[in-house]
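Following: one structure in structure tokens, then a few remarks.
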Amino acid sequence: MVAVPGGGPVTALLVASGLFALGLALSAFFSGSETGFYRLSPLRLAVEGNVPAVTRLASLTASPDLFVATMLVGNNVANYLTTVAIGVAATAVASDSGGTAEVLLTWLTAPVVFVLGELLPKTLLFRAPLHFMRPASLPLFVFRGLFFPVTKPLSLLGKLIERLTTGSTRGTPFILRRSRFARIVESGLREGVLGSVQTTLIQNLIGSGSDLTAGVTIPPERLPTAPAGVTRDELLAHARRFGVTEVVLRDGADAVPLGYVVVAELAAGSGDVPACLHPLPRVDAKDSRLATLAALRTAGASLGAVYESGNFLGVVNARGLITRALRQDGPPAFAFD
């Protein structure tokens with residue numbers, strides 16, 4: 001039981017009503033904002049430009065761990081206020097009920113708290129997140145500052161537990177970006193912007209993008225290489241014999257490659273083999289396949305030399321990585337061409 005000092009039953013009921021209304025409003029605000037936060041589109045925020053409300057929302061999305069902690073603290077404050085309000089009201093109505101009045105009031109107010117403080121705001125923010133989050137950005141910014149002494153230790157504790165239990169460096173920001181990207185793909189497919197091929201490509205990239213490059217590396221013994229001193233005609237004949245579009249050149253008997261030659265360029269031009277030699281970008285065997293593909297595309301290379309702890313493991317083919325991503329019947333066998 002909670003009593004209001006120096007006040008009668010009417011005063012206590014007024015105080016309880018005010019506390020209950022405040023707790024209900026905070027519950028609706030924090031519960032709805034949490035749903036709206038997960039539904040916000042970073043692309044839409046970027047399109048909106050430098051509007052103050054959008055800028056504040058972008059700042060909030062930049063620190064999702066602090067935002068989640070702020071929602072957690074806010075919801076607990078809201079629940080505490082509603083609990084105190086029920087206790088004050090129960091004391092004013094029946095101070096000698098032995099807790100029965102408080103239990104009854106809890107039962108009576110629970111549907112109200114659930115519908116108005118949880119279900120309705122979550123539904124509204126789910127359907128129109130940016131519309132409601134824009135005016136809520138300033139209060140959210142204020143609450144993040146007020147709760148910072150509590151939320152920052154919670155955020156650090158969460159990161160520490162994550163590192164101790166999983167050993168992963170992919171935290172809340174990665175998870176949020178991944179889920180938002182999945183929603184963009186889903187919306188694109190539903191609206192007809194993306195076709196089945198694009199959707200399959202994106203799904204496979206998401207599903208296998210974290211797989212290591214070492215799993216798709218062609219070992220040196222399987223590489224159709226040619227010595228560095230090979231002539232133009234000899235290299236073209238070598239490419240036809242093995243049916244490849246790129247030929248890796250090696251320095252004599254050394255397995256470490258010097259670079260690669262694109263057969264089509266050599267056949268179409270009149271230059272010799274050294275003039276058509278392309279460098280092999282160096283990639284780490286522990287990099288993800290998606291990161292390796294991005295690195296090869298950035299370098300404008302078809303092939304990359306895979307190393308692990310300074311040791312040459314083989315060659316990875318950008319075209320083979322793309323082919324794997326386009327397959328719909330599971331990961332295909334990696335082919336050099």
Side-chain angles (χ1 to χ4, degrees), residues 1-40 52-53 56-57 59-61 63-155:
M1 294 292 184
V2 181
V4 178
V10 176
T11 303
L13 287 176
L14 290 175
V15 172
S17 300
L19 289 175
F20 185 81
L22 179 60
L24 186 63
L26 290 177
S27 177
F29 177 78
F30 288 114
S31 298
S33 297
E34 185 177 10
T35 300
F37 176 75
Y38 288 109
R39 289 283 294 172
L40 279 177
R56 287 191 292 267
L57 289 176
S59 175
L60 292 171
T61 58
S63 303
D65 51 342
L66 284 178
F67 183 89
V68 172
T70 302
M71 296 301 100
L72 176 64
V73 174
N75 275 309
N76 277 277
V77 171
N79 293 335
Y80 177 77
L81 289 176
T82 55
T83 302
V84 171
I86 292 173
V88 171
T91 302
V93 173
S95 59
D96 56 350
S97 65
T100 303
E102 194 168 355
V103 173
L104 290 176
L105 282 176
T106 302
W107 285 351
L108 291 174
T109 56
V112 178
V113 174
F114 174 73
V115 174
L116 298 182
E118 297 284 343
L119 183 60
L120 182 60
K122 285 182 177 295
T123 302
L124 293 175
L125 270 294
F126 181 85
R127 294 183 178 275
L130 187 58
H131 175 76
F132 290 102
M133 289 292 285
R134 191 183 285 110
S137 61
L138 182 57
L140 286 173
F141 214 77
V142 173
F143 278 119
R144 188 179 71 168
L146 290 176
F147 297 157
F148 186 80
V150 179
T151 57
K152 187 59 177 179
L154 286 176
S155 173

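Heavy-atom basis, side chains included; hydrogens, waters and symmetry copies ignored.
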Item to check | Minimum heavy-atom distance between T123 and L119, given as atom pair plus value | outcome: OG1-O, 2.8 Å
Checklist entry - With no hydrogens and no angle check, is any side-chain donor or acceptor of S155 less than 3.5 Å from a backbone partner on T151? => result no
Checklist entry - If you measure from CG on L40 to CE on M133, what distance do you get to the nearest 0.5 Å? => result 5.0 Å
Item to check | Atom pair OG (S31) and CZ (F114), whose distance is rounded to the nearest 0.5 Å | outcome: 10.5 Å
Next on the checklist: Walk me through whether E34 and F37 qualify under side-chain contact (heavy atoms from CB on, under 4.5 Å).
Outcome noted: CA-CA 5 Å; E34 185 177 10; F37 176 75; 5.8 Å; no
Next on the checklist: Please check: side-chain N/O of T106 versus main-chain N/O of E102, any donor-acceptor pairing under 3.5 Å?
Outcome noted: yes
Checklist outcome for this item: Heavy-atom nearest pair, G23 first then L81, reads CA-CB, 3.9 Å
Item to check | Reported CG-to-OG1 distance for the pair L154 and T70, which is rounded to 0.5 angstrom | outcome: 9.5 Å
Next on the checklist: Any non-hydrogen side-chain atom of T109 less than 4.5 Å from a side-chain atom of T82?
Outcome noted: no
Checklist entry - Given the rule in the side-chain contact (heavy atoms from CB on, under 4.5 Å) test, do S33 and L140 qualify, once you have shown the distances and angles that lead to the verdict? => result CA-CA 8 Å; S33 297; L140 286 173; 3.8 Å; yes
Checklist entry - Atom CE of M71 and atom OG1 of T35: how far apart are they, to the nearest 0.5 Å? => result 10.5 Å
Checklist entry - Step by step, would you call L66 with F147 a side-chain contact (heavy atoms from CB on, under 4.5 Å)? => result CA-CA 10 Å; L66 284 178; F147 297 157; over 6 Å; no
Next on the checklist: Could you measure the distance from the CG atom of L13 to the OG1 atom of T91? Nearest 0.5 Å is fine.
Outcome noted: 10.0 Å
Item to check | Non-hydrogen atoms of P121 and A28 that approach each other most closely | outcome: CB-O, 3.4 Å
Next on the checklist: Using the rule given for side-chain contact (heavy atoms from CB on, under 4.5 Å), can you reason through L57 versus L130, listing the C-alpha separation, both sets of side-chain angles and the distance that settles it, and then say yes or no?
Outcome noted: CA-CA 9 Å; L57 289 176; L130 187 58; 3.8 Å; yes
Next on the checklist: Restricting to non-hydrogen atoms, name the atom on F132 and the atom on L125 that form the minimum distance, rounded to 0.1 Å.
Outcome noted: CB-CD1, 3.5 Å
Next on the checklist: I need the F143 CZ to L26 CG distance, nearest 0.5 Å.
Outcome noted: 5.5 Å
Checklist entry - Does the side chain of F30 reach to within under 4.5 Å of the side chain of V73, using non-hydrogen atoms? => result no
